[in-house]
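Note sheet for the following structure.
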Amino acid sequence: MGGLRVGYACVNTQLPSSARTLRLANVTPERLRKLIAANLEALEAILGWNERHGVEVFRLTSNLIPFGSHAANELLWWEEFARRFEEVGGLILRAGMRLSTHPGQCTVLSSSRPEVAAAAVAELEYHDRLLSALGLDRSHKIVLHVGSGAGDPKTAVDRFLSGFARLSPGAAGRLVLENDERWPLAPVLALAARVRLPVVFDVFHHRLAASFDGLAVRDLVLRAGDTWHRRDGRQEVHFSTQAPGKRPGAHAETLDTSEFTRFVDEVYDLPLDCVLEVKDKERSVLTAHELLRRRTCA
DNA sequence: GGAAGTCAAGTCTCG
DNA sequence: CGAGACTTGACTTCC
């Protein structure tokens, strides 16, 4: 069955944060335990809201486990909280939700600095452990940018490949690459083909750094779609628009319904999981749902 | 209580 | 050369 599913990233503006953390200087096992428990509680509430509102696509915050890939966190949190993870994961599976994560800008697998690449490997392993603790299979993805060195693509690709080779099968099996302003879709597809990774097409980043001149958005989505296989689950795409008056690349406050309608007109029949990257989060998802509902009726 | 400053990490752009 | 920006602010200090 085709059809577009729309979701959002990390934060529900009406509910408590699932990304509470503390300062490195203040880390103790007890404080970490308290925050992990609180973050899982908050995540469960957000997922409950999503379930009640028919939102099936969601991005987990990287900060669910404070210092999840840092030596300062010595907890075996995936064991200590195994029951809670199972409960929350059960909700996700019951509701047919699709989760992904998106490590931050400090996760640079292609860095020329060995310690940075090593930290990136650790971060990706943490994300895999998190999704696995929830009982989610490899269709629940970790979405990563290629990283540094777009000016010198050849060596950057080599560094990326050697970083990728250091990942566990679990983390490698979840990895997905996303085009951005430095790495347009064409070079990302070329790199992804070498390691057989799926590719997330980000419409906004594509507008800022276009490749494949002349191809319609639908064609680009289809090209990215060729990289997704059955075991990877539904193809993920990202949608956002330029914040008016802000620097190029700044994400808009809310969904631009006319641009989104144009996007939907091109891809509504494809089986896509679309993450909206807008500041008002779940509210724009409801707007998108309404828009899609009317479209179906019309 | 509220405002301002600071926080694990990288990299690039702009002023 | 420092600040700001990036998928997501949240914590701590100071008044």
Side-chain angles (χ1 to χ4, degrees), chain A residues 7-28 31-32 34-35 38-39 42-43 46 57-74 99-127 130 141-152 156 159-160 163 176-183 200-205 208-209 236-243 246-253 273-285:
Chain A
Y8 62 105
C10 305
V11 171
N12 183 301
T13 66
Q14 308 168 36
L15 294 172
S17 168
S18 62
R20 295 190 52 198
T21 185
L22 38 68
R23 299 293 160 83
L24 183 55
N26 302 330
V27 169
T28 66
R31 290 181 192 187
L32 287 172
K34 275 207 166 71
L35 286 168
N39 286 345
L43 174 64
I46 293 171
V57 177
F58 185 66
R59 180 185 300 163
L60 273 184
T61 173
S62 306
N63 296 334
L64 195 80
I65 309 296
F67 300 98
S69 67
H70 192 289
N73 186 340
E74 297 177 304
L99 265 62
S100 57
T101 71
H102 196 16
Q105 61 274 22
C106 299
T107 306
V108 187
L109 205 51
S110 60
S111 175
S112 53
R113 295 165 54 195
E115 70 276 19
V116 173
V121 170
E123 181 72 9
L124 295 170
E125 296 299 336
Y126 151 62
H127 282 252
L130 183 56
K141 295 300 192 186
I142 302 170
V143 180
L144 188 69
H145 293 284
V146 179
S148 74
D152 187 9
R159 289 195 304 269
F160 181 91
V176 173
L177 296 180
E178 177 185 351
N179 65 299
D180 58 27
E181 293 168 61
R182 278 185 281 165
W183 287 86
V200 164
F201 177 56
D202 183 302
V203 184
F204 184 39
H205 289 143
L208 294 163
E236 179 171 326
V237 297
H238 294 172
F239 183 90
S240 58
T241 54
Q242 174 66 42
K246 296 204 179 167
R247 67 179 271 286
H251 289 283
E253 181 67 29
D273 282 355
C274 177
V275 177
L276 297 185
E277 293 176 332
V278 289
K279 304 280 184 202
D280 69 354
K281 303 295 178 183
E282 82 288 347
R283 298 183 221 189
S284 278
V285 174

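All values below come from the heavy atoms of this structure, side chains included, with hydrogens, waters and symmetry mates left out. Letters A, B, ... are given to chains in the order of the sequence lines, protein chains preceding strands, and every chain is numbered from 1. Here the structure is a predicted model, which is why all the values come from computation and not from measurement.
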Counterpart residues, salt bridge (Lys or Arg N to Asp or Glu O under 4.0 Å), relative to [X] (two or more places apart):
X	value
A:R59	A:E277
A:R113	A:E115
A:E123	none
A:D202	none

N/O contacts under 3.5 Å, protein versus nucleotides 12-15 of chain B?
from, atom 1, to, atom 2, distance (Å)
B:dC12, OP1, A:G149, N, 3.4

**Item:** Secondary-structure stems for DNA chain C, with pairs counted as Watson-Crick or G-U when both distances are under 3.5 Å and runs at least 3 long
**Value:** B:1-7 with C:9-15, B:10-15 with C:1-6

**Message:** For DNA chain B, which residues of residues 113-121 of chain A approach it to below 4.0 angstrom with any heavy atom?
**Reply:** A:R113, A:V116

**Complete:** Expected list for residues 273-285 of chain A near DNA chain B, using heavy atoms below 4.0 Å, is none

**Asked** What about A:F204 and A:F239, are their ring centers closer than 6.0 Å?
**Response** no

**Message:** Could you tell me the boundaries of the chain A footprint on DNA chain C, defined by atoms under 4.0 Å from its heavy atoms?
**Reply:** C:dA5 to C:dT12

**Message:** Expected output is a numbered-order residue list: members of residues 15-24 of chain A with a heavy atom under 4.0 Å from any atom of DNA chain C. What is it?
**Reply:** A:S17, A:A19, A:R20, A:T21, A:R23

**Item:** Residues which pass ring-ring contact (aromatic ring centres under 6.0 Å, His included) with A:H205, listed by chain and number, not counting sequence neighbours
**Value:** A:H145

**Message:** Could you work out, with ring-ring contact (aromatic ring centres under 6.0 Å, His included) as the rule, every residue matching A:F160, not counting sequence neighbours?
**Reply:** none

